[in-house]
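Note that these values count all heavy atoms, side chains included, but never hydrogens, waters or copies made by symmetry.
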Amino acid sequence: MKCPFCGYSESKVIDSRPAEEGATIRRRRECLACQKRFTTYEFMERLPLVVVKRDGSRQTFDRMKLLNGMIRACEKRPVPMSTLEAAADSIEQELQNTLEREISTTEVGEIVMSRLKSIDEVAYVRFASVYRQFKDIHTFMEELTKLLSEKK
C-alpha cells in the first residue's frame, strides 16, 4: 500500500477491524519510511450489474435510484428510512446473488413491489401504479381487489 504522505510503497498493518457491519475491513497502517499513520478500507469486489430498460437500453444498476423510487412511494407514510435502506440492501444483494450480469427493469420492479407490499401497502399501490402504468381506474381497482383478496 502506497503511503499518502511520502509515496513509499511499504507499510505495516497496526490494527484491523470490520467496518460497515462486516461489509468492509478497516486497517490502520504505518509507513515504514516516514512512520506516519493512515487508514485504508478493504471491500469485496462486486461485478457490475446492468439493468436492461423497457426500450432495450442498458445502464449500470444504481442503488440510489432504487432507494429514491421506494422513498417516493413511501412519502408521507410512517416508514422509517432505515427500513427502506435495509430493503434496498436486501434487493441489491438478491440481484447480486442471481449471478446474472444483466437484469430487466421488470424483474427489479417485481422484487421492489414484493418488498413494499410487506413494508407498507399504500406505498406498494403507489409504486405499482407508476411501475405498471395503470391505464385507467379499472386496472387500478383490479390491483386493489387483488391486494384485498390476498389479505383475507
Item checked: Heavy-atom closest contact (R115 atom, S90 atom, distance) -> NH1-OG, 2.7 Å
Note to self: Starting from M64, can I reach F43 by hopping between I/L/V/M/F/W/Y residues whose side chains sit under 4.5 Å apart?
What the structure shows: no
Checklist line | E30 bridged to K36 by N-O distance under 4.0 Å | finding: no
Next item on the list: Run the numbers on K65 and Q59 for side-chain contact (heavy atoms from CB on, under 4.5 Å), then give the verdict.
Entry: CA-CA 12 Å; K65 260 187 169 177; Q59 60 182 224; 2.6 Å; yes
Check: side-chain contact (heavy atoms from CB on, under 4.5 Å) between R58 and K53: does it pass, once the steps are laid out?
Finding: CA-CA 6 Å; R58 289 168 165 69; K53 301 183 88 168; over 6 Å; no
Notebook entry, point to check: Are V122 and F127 connected, step by step, through hydrophobic side chains (Ile, Leu, Val, Met, Phe, Trp, Tyr) whose heavy atoms are closer than 4.5 Å?
Noted result: no
Notebook entry, point to check: Strictly by modelled atom types, are N97 and Q93 linked by a side-chain donor-acceptor pair under 3.5 Å?
Noted result: yes
Margin query: Show the nearest heavy-atom pair for residues F5 and C34, with the distance to one decimal.
Written below: CB-SG, 4.4 Å
Checklist line | V108 side chain reached by L66 side chain, heavy atoms, under 4.5 Å | finding: yes
Check: Would you say R63's side chain and F61's backbone share a donor-acceptor pair under 3.5 angstrom?
Finding: no
Notebook entry, point to check: With no hydrogens and no angle check, is any side-chain donor or acceptor of R126 less than 3.5 Å from a backbone partner on E75?
Noted result: yes
Checklist line | Distance in Å, C74 SG paired with I119 CD1, rounded so as to fall on 0.5 Å steps | finding: 6.5 Å
Item checked: L84 side, atom CG; L116 side, atom CG - distance, nearest 0.5 Å -> 7.5 Å
Check: Which value, rounded to the nearest 0.5 Å, describes the distance between I25 atom CD1 and S16 atom OG?
Finding: 5.5 Å
Checklist line | Shortest non-hydrogen separation from F38 to C31 and the atoms involved | finding: CE2-N, 4.2 Å
Check: What's the spacing between R29 CZ and I14 CD1 if we round to 0.5 Å?
Finding: 10.0 Å
Check: Side chains of T105 and R54: donor-acceptor distance under 3.5 Å anywhere?
Finding: no
Checklist line | S11 and C3, any side-chain heavy atoms less than 4.5 Å apart | finding: no
Next item on the list: Locate the shortest heavy-atom distance separating Y124 from K117; write the atom from each residue and the value.
Entry: CZ-CE, 3.6 Å
Notebook entry, point to check: Given E107 and S104, is the side chain to side chain donor-acceptor pair (under 3.5 Å) satisfied, shown in steps?
Noted result: CA-CA 5 Å; E107 292 173 75; S104 70; 3.3 Å; yes
Check: So, do I91 and M70 sit near enough that their side-chain heavy atoms are less than 4.5 Å apart?
Finding: yes
Note to self: Side-chain heavy atoms nearer than 4.5 Å, only ILVMFWY residues, links allowed to pass through others: does that put V52 and L49 together?
What the structure shows: no
Checklist line | Euclidean distance, M81 CE relative to I71 CD1, rounded to 0.5 Å | finding: 3.0 Å
Check: Can you find a pair of side-chain heavy atoms, one from I111 and one from E94, that are under 4.5 Å apart?
Finding: yes
Notebook entry, point to check: Should we count CZ of R26 as having more than 12 external heavy atoms under 6.0 Å?
Noted result: yes
Next item on the list: Just do the salt bridge (charged side-chain N to carboxylate O under 4.0 Å, His left out) check on E10 and K2 with the steps written out, would you?
Entry: CA-CA 7 Å; E10 297 292 321; K2 202 175 205 180; over 6 Å; no
Notebook entry, point to check: Which pair of heavy atoms, one from L95 and one from T98, lies closest together, and at what distance?
Noted result: O-OG1, 2.7 Å
Notebook entry, point to check: Does the side chain of T39 pick up a donor-acceptor pair with the side chain of R27 at under 3.5 Å?
Noted result: no
Notebook entry, point to check: Roughly how far apart are Q35 CD and Y8 OH, rounded to 0.5 Å?
Noted result: 10.0 Å
Notebook entry, point to check: Are I103 and L99 connected, step by step, through hydrophobic side chains (Ile, Leu, Val, Met, Phe, Trp, Tyr) whose heavy atoms are closer than 4.5 Å?
Noted result: no
